[in-house]
Protein chains: 2
Amino acid sequence: MPPPKPATIIDVAREAGVSIKTVSRVLNQEPGVHSETREAVLKVVADLKYRPKQSARSLAGGRSFLIGLLYYDPSAAFVGGVQQGATLRCREAGYHLVVESLHNDAPDLAMQVDRMVSALRPDGMILTPPLCDNPQVLSALRESHTPCVLISPAADEPDHPSVRMDDVHAAEEITNLLISLGHTRIAIIKGAKDQVASKRRYQGYLAALKAHKIALDKDLVVQGDFTFDAGVEAAYQLLSRRQRPTAVFASNDDMALGVLAAAQRLGLSVPGDLSIAGFDDTPAAARVWPPLTTVRQPMDDMARAAVDLLIGAPRDAGAAASARPKHRVLPHELVVRDSTAVLGAKAAPRAKKAG
Amino acid sequence: MPPPKPATIIDVAREAGVSIKTVSRVLNQEPGVHSETREAVLKVVADLKYRPKQSARSLAGGRSFLIGLLYYDPSAAFVGGVQQGATLRCREAGYHLVVESLHNDAPDLAMQVDRMVSALRPDGMILTPPLCDNPQVLSALRESHTPCVLISPAADEPDHPSVRMDDVHAAEEITNLLISLGHTRIAIIKGAKDQVASKRRYQGYLAALKAHKIALDKDLVVQGDFTFDAGVEAAYQLLSRRQRPTAVFASNDDMALGVLAAAQRLGLSVPGDLSIAGFDDTPAAARVWPPLTTVRQPMDDMARAAVDLLIGAPRDAGAAASARPKHRVLPHELVVRDSTAVLGAKAAPRAKKAG
DNA sequence: CTGAAAGCGCTTACAG
DNA sequence: CTGAAAGCGCTTACAG
């Protein structure tokens with residue numbers, strides 16, 4: 001048996017005794033339809049289980065109801081959070097999320113992006129780091145006149161709206177927390193050199209030290225690259241010094257987990273001998289012992305805000321419409337767990353927030 | 001300035017001096033086009049940067065070139081792996097992946113699924129656990145006659161093709177590994193009661209014990225639910241017994257991480273005092289100390305296989321075409337790391353595979 | 001090997 | 001408040 005053909009707008013119009021234009025009006029919630037007519041149409045729609053076909057709407061109307069999400073590292077918890085927020089917000093708004101995994105250094109990156117947008121003509125694109133800072137990607141998108149929102153880009157571009165959190169402030173807060181616990185020998189493991197988040201978090205660290213008049217000890221600053229292995233290696237370096245740090249602020253959770261692993265390997269007690277703080281609140285951060293003190297990025301909310309910016313800014317509103325793109329900064333959250341404690345204490349840490 | 005309109009098939013046809021049908025033939029790689037004509041068309045396509053519009057192809061041709069991925073727990077590493085494989089394979093095949101995050105127990109689940117498929121008319125859907133076992137989801141999909149592939153479903157349904165790994169065998173292998181390391185008091189923490197993977201892994205555990213004539217000790221069997229907290233709790237139960245187990249097989253990594261955390265909290269050395277094995281090879285498994293011995297599911301490959309099944313089986317090939325759906329079982333991989341070691345040894349474990 | 005016509009199922013102007 | 005017409009940009013089925 002061949003499957004029954006789904007009802008079309010013509011079927012609905014015939015059954016309801018109106019024109020297809022009126023059906024269209026009802027479905028798109030356009031004003032100017034008599035309420036009785038509306039009711040009648042809606043009833044037929046329900047009876048016939050009519051659902052407008054997206055490809056037809058798209059072809060005729062010029063909107064695809066598709067939002068694209070471009071990402072690089074699929075294992076990154078960051079991307080998972082962003083995707084979750086984006087897909088939920090899309091559903092609420094009647095859009096759908098198309099995802100594409102791209103290598104940041106693929107030679108044909110521009111072509112891959114171009115292919116996607118030319119075929120799908122998404123109404124907007126969401127870019128996550130490091131793709132949101134990739135000139136190839138950005139220029140391919142510009143050429144196709146696809147609106148896009150950058151999530152946590154290196155710099156706020158004048159061309160595109162962006163959504164981010166305040167890395168500097170968050171890093172400062174977490175460093176303040178360590179200071180308030182009595183630590184003064186606080187090491188930092190910096191993130192990847194080419195990512196601006198690394199710089200910003202380092203800035204926050206410096207600011208906190210300065211505010212508390214703690215002199216910067218260059219021996220306590222180690223270059224990392226956001227990987228677990230970098231965290232392990234940095235920890236060995238730091239913990240082999242004569243004057244060990246009593247606390248380590250790793251610029252992300254993966255590195256913090258590396259520090260934790262190295263400390264345990266060396267037989268140090270965490271947080272008794274060493275307090276450790278991370279950044280990101282990845283799923284793994286709560287699945288180790290002791291659970292990590294860290295910063296929760298509002299990934300969900302950033303993604304939702306990105307979708308909203310895209311839906312609100314139709315393609316080619318251009319220079320005329322909104323004079324300049326919006327740059328939103330969303331609030332983060334300090335997550336104090338058991339990997340940080342009062343200096344010298346063997347007990348559990350106090351969840352005191354730094355001033 | 002209004003953005004320049006993208007070229008259409010008509011522009012290409014005019015420029016190349018052929019009919020649009022011929023352009024269509026070239027682009028769709030249909031046979032029966034003179035090679036010179038083909039070259040000429042291709043040149044114009046390149047010059048004009050022509051890209052067929054997906055919504056038009058979809059409306060006229062009845063194929064959307066969209067594959068849907070339905071998932072429940074976005075933090076699950078499993079979903080990340082599946083998505084990665086699916087999106088890459090889709091790109092290779094000229095398809096795109098649309099993702100949708102669904103609550104397995106949402107009251108309007110059927111409607112949400114119906115909305116997606118009715119609007120997008122994807123050429124196929126990929127379902128991950130537990131959604132692939134959800135009657136609401138399956139019936140909504142059946143009603144819309146959308147082909148779908150189930151990834152690791154509870155049971156192989158006659159209606160749908162599926163892709164899975166061999167949970168029983170993998171669990172047996174990992175138990176064998178522990179036995180080969182000299183362990184006989186091997187505990188198991190079972191997975192969630194309603195998931196069949198739990199049952200299968202337990203079966204594999206039982207089979208390995210039986211093969212080695214090790215009597216089952218009910219005290220070493222603890223019910224879990226796949227969460228970190230369940231692992232912690234189960235570990236406390238197991239490790240407080242007079243006769244402690246010397247090894248624990250947790251039915252997934254999250255629970256294994258819980259066991260590891262609990263052991264460390266109790267001051268036990270892993271693997272010196274306790275060997276721990278997990279299942280899944282989540283990102284966190286390699287980010288703890290000691291790194292977890294576990295089983296890597298071929299998530300990538302399963303997803304690729306799923307996409308292939310979908311592309312190969314056009315909508316409504318129906319009963320006529322392929323008599324019955326295919327059920328594929330893909331090979332897994334034992335990942336032996338440092339959380340397992342020879343009974344009583346304080347040294348690193350040998351990476352010996354069980355017979 | 002190539003093409004003219006019809007049609008996919010909607011929305012956009014434009015009328016009334 | 002409602003509708004008849006044109007058109008979005010392709011593919012299908014049919015001719016030659």
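Atom set for the values below is all heavy atoms of this structure, side chains included, hydrogens, waters and symmetry mates excluded. Nothing here was measured: the structure is a model prediction, and the numbers come from that model. Within every chain, numbering begins at 1; the chains are lettered A, B, ... in the order of the sequence lines, protein sequences first and strands thereafter.
Heavy-atom contacts of chain B under 4.0 Å fall on DNA chain D between two terminal nucleotides, which in 5' to 3' order are D:dG9 to D:dA13.
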Distance-only check: which donor-acceptor pairs under 3.5 Å involve side-chain atoms of residues 128-141 of chain B, not counting sequence neighbours?
{"residue": "B:Thr128", "atom": "OG1", "partner": "B:Leu70", "partner atom": "O", "Å": "2.9"}
{"residue": "B:Asp133", "atom": "OD1", "partner": "B:Ala154", "partner atom": "N", "Å": "2.7"}
{"residue": "B:Asp133", "atom": "OD2", "partner": "B:Ala154", "partner atom": "N", "Å": "3.3"}
{"residue": "B:Asn134", "atom": "OD1", "partner": "B:Gln136", "partner atom": "N", "Å": "2.8"}
{"residue": "B:Asn134", "atom": "OD1", "partner": "B:Val137", "partner atom": "N", "Å": "3.4"}
{"residue": "B:Asn134", "atom": "ND2", "partner": "B:Asn104", "partner atom": "O", "Å": "3.0"}
{"residue": "B:Asn134", "atom": "ND2", "partner": "B:Asn104", "partner atom": "OD1", "Å": "2.8"}
{"residue": "B:Ser139", "atom": "OG", "partner": "B:Gln136", "partner atom": "O", "Å": "3.4"}

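Taking both residues in full, the closest heavy atoms of B:Ile20 and B:Ile10 are given as CG2-CA, 3.9 Å, listed atom of the first, atom of the second, then distance.
In this structure, B:Arg63 has no salt bridge (charged side-chain N to carboxylate O under 4.0 Å, His left out) partners at least two apart in sequence or on a different chain. B:Arg164 pairs by the salt bridge (charged side-chain N to carboxylate O under 4.0 Å, His left out) definition with B:Asp156, not counting sequence neighbours. The salt bridge (charged side-chain N to carboxylate O under 4.0 Å, His left out) search around A:Asp108 returns none, not counting sequence neighbours. Considering only residues two or more places apart in sequence or on other chains, A:Asp301 meets the side chain to side chain donor-acceptor pair (under 3.5 Å) condition with none of them. Under the salt bridge (charged side-chain N to carboxylate O under 4.0 Å, His left out) criterion, A:Arg304 pairs with A:Glu92, not counting sequence neighbours. Every residue was checked against the side chain to side chain donor-acceptor pair (under 3.5 Å) condition with B:Lys21, not counting sequence neighbours, and none meets it.
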(request) Using a 3.5 Å limit on both pairing distances, list the dot-bracket string of DNA chain C from the 5' end; Watson-Crick and G-U wobble pairs count, crossing pairs take [ ], interstrand pairs take |. (result) |||.||||||||.|||
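Heavy atoms of B:Thr37 sit under 4.0 angstrom from primed sugar atoms or phosphate atoms, though from no base atom.
Comparing B:Leu59 and B:Glu30 by the nucleotide of DNA chain D that holds the closest heavy atom to each, the one mapping nearer the 5' end is B:Leu59.
Sorted by first then second residue, the side-chain hydrogen bond (donor to acceptor under 3.5 Å, both in side chains) pairs that include residues 31-45 of chain A, not counting sequence neighbours, are A:Lys43-A:Asp47.
For the residue pair A:Gln83 / B:Gln83, a side-chain donor-acceptor distance below 3.5 Å is found, with atom types taken as modelled.
Using a 4.0 Å cutoff on non-hydrogen atoms, the parts of residues 10-27 of chain B near DNA chain D are B:Ile20, B:Lys21, B:Ser24, ordered by number. Shown for residues 46-56 of chain A: residues whose heavy atoms fall under 4.0 angstrom of DNA chain C, namely A:Tyr50, A:Arg51, A:Pro52, A:Lys53, A:Ala56.
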